[in-house]
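To start, the structure itself, in structure tokens.
These numbers were taken from a predicted model, which means no experiment stands behind them.
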Amino acid sequence: MDCAFSSSPSPRKREQRAQGYEEPAVLAAKTSFMVNEVEELYELYKKLSFSIFKDDLIHKEEFRLALFRTSKGVNLFADRVFDLFDLKCNGVIEFGEFVRSLSIFHPKAPESEKTAFAFKLYDLRGTGYIEKQELREMVVVLLDEFDLCLSDSAVEEIVDNTFSQNPENYKN
């Protein structure tokens, strides 16, 4: 039986909300954000999710556009971050995923969550280890993103020095 005084949003309000929308109070309780910050993130989310496709979802091209001002081409770094934000692994970022993922970067987020995110970012193959080849790929992509060119031997030296500092955290 329908109640005349329902607390659920009217159909008109529901249409205006993004897919995967979650109430700001719920997201604030599950993240490092305050309710007003979640509300502000919703405004940003709406802009991003309508930048190319008008469907209230952030697609990989929209994500690249927001990060690098271009939606074209493949970018390993942007694609990795996108994949980590896409918690449902369905090829798009819904609002709840967006807020939960951004929470990792909040100053009040636990250091352990930030470390885990950074580790996943570089563990390209999901093996539980960061392998030299994975680190090399990321270093090359990041250098290229900033139009920096280093010789192969300089890149190898960066990778080797990184691995020699904490060898127990990596796998050859």
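- Using a 4.5 Å heavy-atom cutoff, the side chains of Glu134 and Met138 are not in contact.
- At most 12 heavy atoms of other shown residues, nucleotides or ligands fall within 6.0 angstrom of atom NZ in Lys30.
- Val35 and Leu102 are not part of a single hydrophobic cluster, where members link through side-chain heavy atoms under 4.5 Å apart.
- The main-chain N or O of Pro24 is never found under 3.5 Å from a side-chain atom of Glu39 such that the two would form a donor-acceptor pair.
- Listed by chain and number, the residues in a side-chain contact (heavy atoms from CB on, under 4.5 Å) with Glu113 are Pro110 (sequence neighbours excluded).
- Thr162 OG1 to Ile130 CD1: the interatomic distance, rounded to the nearest 0.5 Å, is 10.0 Å.
- Following chains of ILVMFWY side-chain contacts shorter than 4.5 Å, one can reach Leu143 starting from Phe77, so the two form part of one hydrophobic cluster.
- Formation of a donor-acceptor pair under 3.5 Å by the His106 side chain with backbone atoms of Lys108 is found in this model.
- Contact between Asp123 and Thr127 at its shortest, heavy atoms only, is OD1-N, 3.1 Å.
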Walk me through whether Leu57 and Tyr45 qualify under side chain to side chain contact (heavy atoms under 4.5 Å, CB included).
CA-CA 8 Å; Leu57 298 165; Tyr45 179 86; 4.2 Å; yes

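- Taking all atoms of both residues into account, the shortest heavy-atom contact from Leu48 to Ala66 is CD2-CB, 3.3 Å.
- When every heavy atom of Ser32 is checked against every heavy atom of Ala109, the shortest pair comes out as OG-CA, 3.4 Å.
- Atom CG of residue Leu124 and atom CD of residue Gln133 lie 9.0 Å apart, to the nearest 0.5 angstrom.
- No single ILVMFWY cluster, assembled from side-chain heavy atoms under 4.5 Å apart, contains both Leu41 and Met34.
- Under the 3.5 Å distance criterion, the side-chain polar atoms of Arg80 are matched with a main-chain donor or acceptor of Lys120.
- With values rounded to the nearest 0.5 angstrom, Ser51 atom OG is found 9.5 Å from His59 atom NE2.
- Judged by distance alone, the side chain of Asp152 and the main-chain N or O of Glu156 form no donor-acceptor pair under 3.5 Å.
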Can you check side chain to side chain contact (heavy atoms under 4.5 Å, CB included) on Leu67 and Phe82, steps first, answer last?
CA-CA 10 Å; Leu67 287 179; Phe82 180 90; over 6 Å; no

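- Side-chain atoms of Glu97 come within 3.5 Å of backbone atoms of Leu87 as a donor-acceptor pair (strictly under, hydrogens ignored).
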Would Arg64 and Asp79 satisfy side chain to side chain contact (heavy atoms under 4.5 Å, CB included), going step by step from the backbone distance to the final call?
CA-CA 8 Å; Arg64 282 190 206 120; Asp79 292 348; 3.0 Å; yes

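- Closest heavy-atom contact between Lys60 and Asp83: NZ-OD1, 3.4 Å.
- Both Leu135 and Phe119 belong to a single network of hydrophobic side chains, linked directly or stepwise wherever heavy atoms of I, L, V, M, F, W or Y lie under 4.5 Å apart.
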Phe117 vs Phe85, side chain to side chain contact (heavy atoms under 4.5 Å, CB included): CA-CA, chis, key distance, verdict:
CA-CA 10 Å; Phe117 181 86; Phe85 274 43; 4.0 Å; yes

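- With sequence neighbours left out, the ring-ring contact (aromatic ring centres under 6.0 Å, His included) criterion links Tyr122 to no other residue.
- Between the side chain of Ser103 and the backbone N or O of Val99, no donor-acceptor pair lies under 3.5 Å.
- Side-chain atoms of Asn161 come within 3.5 Å of backbone atoms of Glu157 as a donor-acceptor pair (strictly under, hydrogens ignored).
- Rounding to the nearest 0.5 angstrom, the gap separating the CG atom in Leu150 from the CD1 atom in Ile158 is 5.5 Å.
- Within the 4.5 Å cutoff, the side chain of Glu62 has heavy atoms near those of the Ile52 side chain.
- Among Leu76, Val159, Val155, the single residue meeting the side chain to side chain contact (heavy atoms under 4.5 Å, CB included) criterion with Val140 is Val155.
- Only one option out of Ile58, Asp56, Leu27 pairs with Phe95 in a side chain to side chain contact (heavy atoms under 4.5 Å, CB included); it is Leu27.
- Side chain of Lys46 to main chain of Tyr42: no donor-acceptor pair is present (N/O by atom type, distance under 3.5 Å, no hydrogens or angles).
- Separation of atoms CD (Glu131) and CZ (Arg125) is listed at 6.0 Å; rounding is to 0.5 Å.
- Hydrophobic clustering keeps Val26 apart from Tyr21 (ILVMFWY residues linked when any side-chain heavy atoms are closer than 4.5 Å, directly or through intermediates).
- The line from CZ of Phe33 to CZ of Arg100 is 11.5 Å long, rounded to the nearest 0.5 Å.
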